[in-house]
Amino acid sequence: MDVSGETLRQRTFGPFTLRENLYPSGMALPKHSHPHAYITFVVEGAFRERYATRSILCRTGTVRFLPAGEVHENEIQVRSRCLHVSSDLSSFDQLRQLPAIPMRPAELSGLSITWLANRLYAEFSRQDTASTMLIEGLVLEILAEIARSDAADSARDAPRWLKQATEIVETRFLERLTLNEIASEVGVHCVHLSRQFHKYNRCTVGELIRRRRVQYASHLLAHSRTPLAEIALACGFSDQSHLSFLFKRYMGLTPSKFRGLAGLDSAAGSSEELEMRVPKSEDTARKSACAT
């Protein structure tokens with residue numbers, strides 16, 4: 001992604017420059033490349049990035065790694081706010097010489113990477129003398145997560161219908177999805193879908209839905225002061241205790257503790273604040289009150 005959108009904030013920590021940019025919906029960035037490698041955390045919004053042979057969709061919570069010199073183009077599908085991490089050529093070049101650092105674009109949206117990216121964003125937002133050391137460590141941890149994911153992805157080549165099924169779950173995880181419904185949309189039997197989904201995604205459909213709901217809850221916790229009960233309903237959980245139970249299972253700490261580490265206390269926010277952060281296409285999920 002071009003970083004020429006509206007720059008909201010920019011700070012330098014040791015060898016790394018962090019920049020928060022805003023991109024309007026519908027913005028198109030033609031083919032271009034950068035002399036620096038970039039790590040991008042999608043704080044909110046969605047954009048599609050196209051390369052010579054493939055494209056990726058980066059949504060809220062996604063972390064994307066772009067090697068230096070990679071030709072790409074972007075389409076901003078939903079008004080997006082991104083945190084970009086770049087470095088001087090020598091720093092990233094030294095990292096790229098390590099076998100684990102990916103030499104191709106990569107994107108992640110799992111719980112571990114979301115946790116690290118939210119911590120990075122929180123440190124970026126603070127005025128703290130210890131931030132430089134913390135940010136350098138977080139950037140390296142994010143690169144390690146990207147490298148592990150890249151190694152795993154290179155060993156898997158999912159069939160087209162399974163990629164479509166995974167996309168359905170990724171984009172509609174706040175809805176009341178069923179195996180039969182997904183299988184019907186991609187044209188396979190639900191038993192075959194269940195087996196192959198677990199083989200390639202290393203989790204069941206229901207597990208991925210729960211993870212994405214917890215991940216979305218972590219985004220709301222880190223970037224708003226909306227009450228936990230409202231976040232629980234917005235993310236498809238039956239109540240606050242249901243959210244807390246699954247959040248602790250997947251993230252290893254309570255929602256309140258996560259919010260505190262992300263730089264926000266548990267002060268109540270407004271319903272209007274939540275409405276601004278829940279995409280319109282997902283708003284009906286607030287009525288489901290049930291995690292698959």
Side-chain angles (χ1 to χ4, degrees), residues 13 18 39 41-44 59-63 81 83 85 107-149 170 173-174 201-204 206-269 273-274 277-278 282 285-286 289-292:
F13 303 85
L18 278 67
I39 298 171
F41 172 45
V42 185
V43 180
E44 56 188 355
R59 310 180 187 86
T60 299
T62 297
V63 172
R81 184 158 54 96
L83 178 66
V85 182
E107 105 277 353
L108 287 85
S109 56
L111 294 174
S112 297
I113 199 77
T114 297
W115 161 245
L116 292 170
N118 277 314
R119 288 294 308 277
L120 179 65
Y121 184 80
E123 291 299 331
F124 167 71
S125 302
R126 292 192 179 105
Q127 298 291 335
D128 191 324
T129 55
S131 289
T132 295
M133 182 181 300
L134 288 168
I135 281 176
E136 289 181 5
L138 287 167
V139 170
L140 293 176
E141 286 190 65
I142 288 171
L143 280 169
E145 287 291 326
I146 292 172
R148 279 192 286 268
S149 175
E170 293 278 10
F173 60 89
L174 292 180
N201 290 300
R202 292 172 292 180
C203 66
T204 67
E207 286 170 343
L208 182 57
I209 289 174
R210 289 193 184 99
R211 291 177 187 177
R212 290 296 175 257
R213 289 180 176 183
V214 169
Q215 178 185 352
Y216 191 62
S218 73
H219 167 74
L220 295 175
L221 287 165
H223 302 289
S224 79
R225 289 186 172 82
T226 304
L228 294 181
E230 290 187 32
I231 290 177
L233 293 178
C235 295
F237 298 104
S238 57
D239 53 31
Q240 181 176 328
S241 63
H242 189 198
L243 165 62
S244 297
F245 173 77
L246 289 174
F247 199 94
K248 179 71 178 293
R249 178 205 283 182
Y250 287 114
M251 301 295 283
L253 71 172
T254 66
S256 297
K257 180 66 174 178
F258 177 88
R259 172 169 269 172
L261 290 173
L264 291 175
D265 56 30
S266 298
E273 183 178 21
L274 181 59
R277 294 183 179 276
V278 177
E282 300 168 350
R286 299 179 61 185
C290 176
T292 303

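Because only heavy atoms are used, hydrogens play no part in the values below, and waters and symmetry mates are left out as well, while side chains stay in.
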So, the side chain of Glu207 versus the backbone of Thr204: is there a donor-acceptor pair under 3.5 Å, distance only? yes

Would you say Arg259's side chain and Ser224's backbone share a donor-acceptor pair under 3.5 angstrom? yes

Excluding sequence neighbours, so at least two apart, what forms side chain to side chain donor-acceptor pair (under 3.5 Å) with [X]?
X	answer
Glu170	Arg212
Thr114	Gln215
Ser241	Asp239

As an exercise, state the distance from [atom1] of [X] to [atom2] of [Y], rounded to the nearest 0.5 Å.
X	Y	atom1	atom2	answer
Cys203	Arg210	SG	CZ	11.0 Å
Glu123	Leu134	CD	CG	4.5 Å
Ile135	Leu140	CD1	CG	12.0 Å
Asn118	His219	CG	NE2	8.0 Å
Leu18	Tyr121	CG	OH	11.0 Å

Nearest heavy atoms of [X] and [Y], plus distance in Å:
X	Y	answer
Phe13	Thr132	CD2-OG1, 3.8 Å
Thr60	Val43	CG2-O, 3.4 Å
Phe41	Ala117	CD1-CB, 3.4 Å
Pro255	Leu243	CG-CG, 4.5 Å

Could you list the donor-acceptor pairs under 3.5 angstrom formed by side chains in residues 244-254, with sequence neighbours left out?
residue	atom	partner	partner atom	Å
Ser244	OG	Gln240	O	3.0
Thr254	OG1	Lys257	N	3.1

Take Ile146 and Ile142, measure what side chain to side chain contact (heavy atoms under 4.5 Å, CB included) needs, and give me the verdict at the end. CA-CA 6 Å; Ile146 292 172; Ile142 288 171; 3.9 Å; yes

Would you mind telling me which of Val42, Leu120, Ile39 makes a side chain to side chain contact (heavy atoms under 4.5 Å, CB included) with Leu83? Leu120

Run the salt bridge (charged side-chain N to carboxylate O under 4.0 Å, His left out) test against Arg211 and tell me which residues pass, sequence neighbours left out. none

Partners passing salt bridge (charged side-chain N to carboxylate O under 4.0 Å, His left out) against Glu136 (at least two apart in sequence or in another chain): none

Measuring only between side-chain heavy atoms, which start at C-beta, is Ser218 closer than 4.5 Å to Phe258? yes

The test is side chain to side chain contact (heavy atoms under 4.5 Å, CB included); show your working for Leu220 and Thr226 and say whether it passes. CA-CA 7 Å; Leu220 295 175; Thr226 304; 5.9 Å; no

